[in-house]
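Let me begin by presenting the structure, written as structure tokens, before commenting on it.
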Amino acid sequence: MKNLMFDEKIMELELAGRILKVSTGKISRQSSGAIVIQYGDTVVLSTANRSKEARKGADFFPLTVDYVEKFYSTGKFPGGFNKREGRPSTNATLIARLIDRPIRPMFPEGFNYDVHIVNTVLSYDEVNTPDYLGIIGSSLALMISDIPFLGPVAGVTVGYKNGEFILNPSPAELEESELDLSVAGTKDAVNMVEAGAKELDEETMLKAIMFAHDNIKKICEFQEVFAKLYGKENIEFTKEEVLPLVKDFIDTNGHKRLQEAVLTTGKKNREEAVDSLEEELLNKFIGENYPDVPEEELPEDVITEFKTYYHDLMKKLVREAILYHKHRVDGRTTTEIRPLDAQINVLPIPHGSALFTRGETQSLAITTLGTKADEQLIDDLEKEYYKKFYLHYNFPPYSVGEVGRMGSPGRRELGHGSLAERALRYVIPSEEEFPYTIRVVSEITESNGSSSQASICGGSLSLMSAGVPIKEHVAGIAMGLIKEGEEFTVLTDIMGLEDHLGDMDFKVAGTKSGITALQMDIKITGITEEIMRIALNQAHEARQQILELMNNTISKPAELKSNVPRIQQITIPKDKIAVLIGPGGKNIKSIIDQTGATVDITDDGLVSVFAQDAEVLEKTLKLIDSFVREVEYNEVYEGRVVSIMKFGAFMEILPGKEGLLHISEISPERVEKVEDVLSVGDVFKVRVISMEGGKISLSKKKV
């Protein structure tokens, strides 16, 4: 029976053999747009709201996208003292970015209302992941709201196994997949890509993206039907025209000089030239138009508009030079990489270090090798697990010659670090090959664009300098785009200004064999297959050049430094685990006390020993062996007298293993009394001469 309290609207779409269900009108009815989206048993609530008034003088679009994981969605309790969800996890922050990136370009130019999108995971079945549902739900919430939105957009995930693409694979399927690809876009074009891959070739990657887009088209058409039936009318919005007074003044007095300023060589020099010209023109503008007005009474809106138009003109001049004259501000061709330099072992104490410089972007990458205790604990909605390889990215304000507050990493730092980590993850050796925990830190010491890709190159070099047996080097490069109508130019190795003023940031990382990571963000509504193909091909050529330099710097893993902890793994029979540990942990504690090593024992009998040097490692392994070894016939052991009897002495030859040294086997000469020649605590070598009936007989005279 229909509930008369709610006017719920529901639509369904079959997608990859499952039903995608969307509804509105029942939950969060006071939001401008609210969608409950369900796929399998995963449920996400997406809401969209705006401020009542536009933000005056804003030169950016104030959009906030939140993604909220609720532990109740999987029937779990949050960790910590308060047992309450707190700061978003790294994974939640990255998914918020994933949703933001395809949504952000889809608003009218000049729309300055604050917009807040919130995606809350209400139920998670651990099969259908909420990330792409957040993109679809956010788009549909905007589509049915009164907010001007140029959508719809939709997102999907693609896996690849045995030559077949898998639409919206489960986490278990992704574990076995050669590809983990997230794609978002409109009906007409792709506008966001995020991927990790096991050295996939460019053509297969492009086919995967287009496979994703074929399914995105269906979801966008589904959204259009839903919005047409149940959407609100958008608020009226018109972009304000530039004041003729401002436009005419800058065009007349600054056009040619600004054209020259943006072509100044060097980032800092160019910024100074552009900024000083702006200050000069602004002072002249004020002097001519407001000669008798005190500074504190100058019209703020006019001054803001002056600065905005000046910036817009600079953007136009840079774009026109590239698009129509193939002229970049630093003089490079469209396919040319900035000057490169790579050095290793630049720091004396860290286990591995490298300094990678591309133009005015520089990463100081440091690798540290640790034990199992150094693994990173991850607790998210799916499961609690440990990571043995992780990468941290730091972007201090001094890297761009500025002052600023330094604190916890923000969304940008987490996103760049995640991308670099993903690019390198596929060449990291398995735990069986290299049982170390590995941490790479990229300190951005200088930045003028593509610092995440410099982190990949520097990280790869530092891993090899630390002695990590990575399969081969990984290099990253960022591609850009300038597009007006049907005209476009793809740029190799974009610097900061080209990223800021351009239409695309397309990052491609990989080995000489194939792609390991991909990330694309655009500021226009979408790009075509042709543009992506050109960008991938140019990136491939650039990557090979960088890899050549990296291999000339170091082509195989170095020897481990002396200060790297020594690690060795051995496997013992399961029935020996209790013997090694001992009652109340007595035996294992004794080994640790004697050596100072760390010993980790798993339920399947894998024993990992972590020691500060080779000598300690050898001593620890010998002690472990003494507990798990079986006594063998005719073997010689170093035994200790534990008790003396009239007929001989009992000796411990291995921990917990005792044998009898009969009085007749003590010496070739006759022994009258055992206590005349032996005392409790004496240590000497004996041979096992019999093991009949499980009783061990020893001989000193037959050693």
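Treat the numbers as computed from the prediction; the structure is a model and nothing was measured. Reckoned from all heavy atoms, side chains included, excluding hydrogens, waters and symmetry mates.
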Is the count of non-hydrogen atoms from other residues, nucleotides or ligands lying under 6.0 Å from Lys326 atom NZ greater than 12?
yes
Any salt bridge between Arg411 and Asp66, counting N to O under 4.0 Å?
yes
Asp505 CG to Met520 CE distance, which is reported to the nearest 0.5 Å:
10.0 Å
Mind checking whether Asp493 and Arg332 have side chains closer than 4.5 Å, heavy atoms only?
yes
Would you check if the side chain of Lys267 reaches a backbone N or O of Ser447 as a donor-acceptor pair within less than 3.5 Å?
yes
Inter-residue atom distance Ile322.CD1 - Arg328.CZ, 0.5 Å rounding:
6.5 Å
To the nearest 0.5 Å, what is the distance between CD (Glu336) and CD (Gln538)?
12.5 Å
Does the side chain of Gln223 reach to within under 4.5 Å of the side chain of Val153, using non-hydrogen atoms?
no
Reported CD1-to-CE distance for the pair Ile527 and Met504, which is rounded to 0.5 angstrom
5.0 Å
Leu181 and Tyr160: side-chain contact (heavy atoms from CB on, under 4.5 Å), yes or no, with the steps?
CA-CA 9 Å; Leu181 171 69; Tyr160 183 66; over 6 Å; no
Would you say His255's side chain and Leu317's backbone share a donor-acceptor pair under 3.5 angstrom?
no
Do Phe488 and Asp503 make a side-chain contact, defined as non-hydrogen atoms from C-beta onward lying under 4.5 Å apart?
no
Indicate yes or no: at least one non-hydrogen side-chain atom of Phe506 is less than 4.5 angstrom from one of Ile522.
no
Salt-bridged, Arg338 to Asp330, with N to O below 4.0 Å?
no
Do Asp131 and Thr129 have side-chain atoms, one donor and one acceptor, less than 3.5 Å apart?
yes
Heavy-atom pair of closest approach, residues Ile166 and Lys161:
CD1-CB, 4.2 Å
Test side-chain contact (heavy atoms from CB on, under 4.5 Å) applied to Tyr39 and Val44, step by step
CA-CA 9 Å; Tyr39 197 39; Val44 177; over 6 Å; no
Of all heavy-atom pairs linking Lys187 and Cys220, the shortest is CG-CB, 3.5 Å
Got Glu421 and Lys387 here, is their nearest side-chain heavy-atom distance under 4.5 Å?
yes
Does Glu175 CD have over 12 foreign heavy atoms under 6.0 Å away?
no
I'd like to know if the side chain of Ser450 and the backbone of Ile494 have a donor-acceptor N/O pair within less than 3.5 Å.
yes
Taking it one step at a time, do Thr525 and Asn191 satisfy side-chain contact (heavy atoms from CB on, under 4.5 Å)?
CA-CA 6 Å; Thr525 53; Asn191 73 351; over 6 Å; no
Positive for side-chain contact (heavy atoms from CB on, under 4.5 Å) with Val115, one of Ile103, Leu63, Thr64, Val65:
Leu63
Using only atom types and a distance under 3.5 Å, with no angle test, would you say the side chain of Tyr310 pairs donor to acceptor with the backbone of Val274?
yes
Tell me which one of Ser451, Ser452, Ser399 satisfies side-chain contact (heavy atoms from CB on, under 4.5 Å) with Thr361.
Ser451
Is Lys207 atom NZ crowded by more than 12 heavy atoms from other residues, nucleotides or ligands, each under 6.0 Å away?
no
For the side chain of Thr42 and the backbone of Asp125, is there at least one donor-acceptor N/O pair under 3.5 Å apart?
yes
Before accepting this row, confirm whether a basic side-chain N of the pair Lys512/Glu199 lies closer than 4.0 Å to the acidic partner's carboxylate O.
no
Return the NE2 to CZ distance between His416 and Phe395, rounded to the nearest 0.5 Å.
7.5 Å
Cut-off 3.5 Å, side chains only: do Asn119 and Ser138 have a donor facing an acceptor?
yes
Would you say Ser177's side chain and Asp180's backbone share a donor-acceptor pair under 3.5 angstrom?
no
One thing to verify: whether Glu194 and Arg97 come together as a salt bridge, which I'm taking to mean a side-chain N less than 4.0 angstrom from a carboxylate O.
no
Which atom of Met464 lies closest to which atom of Ser555, heavy atoms considered
SD-C, 3.6 Å
Separation between OG of Ser442 and OH of Tyr393, rounded to the nearest 0.5 Å:
7.0 Å
Looking at Ser145 and Leu142, would you say the former's side chain and the latter's main chain have a donor-acceptor pair under 3.5 Å?
yes
Taking everything shown except Glu548 itself, do over 12 heavy atoms lie less than 6.0 Å from its CD?
no
Smallest separation among heavy atoms of Ala475 and Cys457, with atom names
CA-SG, 3.8 Å
Is Lys483 reaching over with its side chain to a backbone N or O of Gly485, donor-acceptor style, under 3.5 angstrom?
yes
Looking at every heavy atom in both Val262 and Arg270, which two are closest together, and how far apart are they?
O-CD, 3.1 Å
Going by atom types only, do Glu541 and Thr335 share a side-chain donor-acceptor pair under 3.5 Å?
no
Any side-chain to backbone donor/acceptor pair from Thr264 onto Asn269? Under 3.5 Å, distance only.
no
When you measure from the side chain of His540 to the backbone N and O of Ala535, does any donor-acceptor pair fall under 3.5 Å?
no
Would you say that Met205 contacts Leu179 through its side chain, given a criterion of any heavy-atom pair below 4.5 Å between the two side chains?
yes
From Phe149, Phe60, Tyr113, residue fulfilling ring pair (Phe, Tyr, Trp, His ring centres under 6.0 Å) relative to Phe107
Phe149
Would you mind reporting whether Phe226 and Ile144 have side-chain heavy atoms less than 4.5 Å apart?
yes
Minimum heavy-atom separation for Gly185 to Ile216, with atom names?
O-CG2, 3.4 Å
Would Leu463 and Ile428 count as a side-chain contact (heavy atoms from CB on, under 4.5 Å) if you check the C-alpha gap in whole Å, the side-chain angles of each, and the deciding distance to 0.1 Å?
CA-CA 9 Å; Leu463 283 165; Ile428 296 296; 3.9 Å; yes
Within the structure provided, determine whether Pro152 and Leu140 are in side-chain contact (heavy-atom separation under 4.5 Å).
no
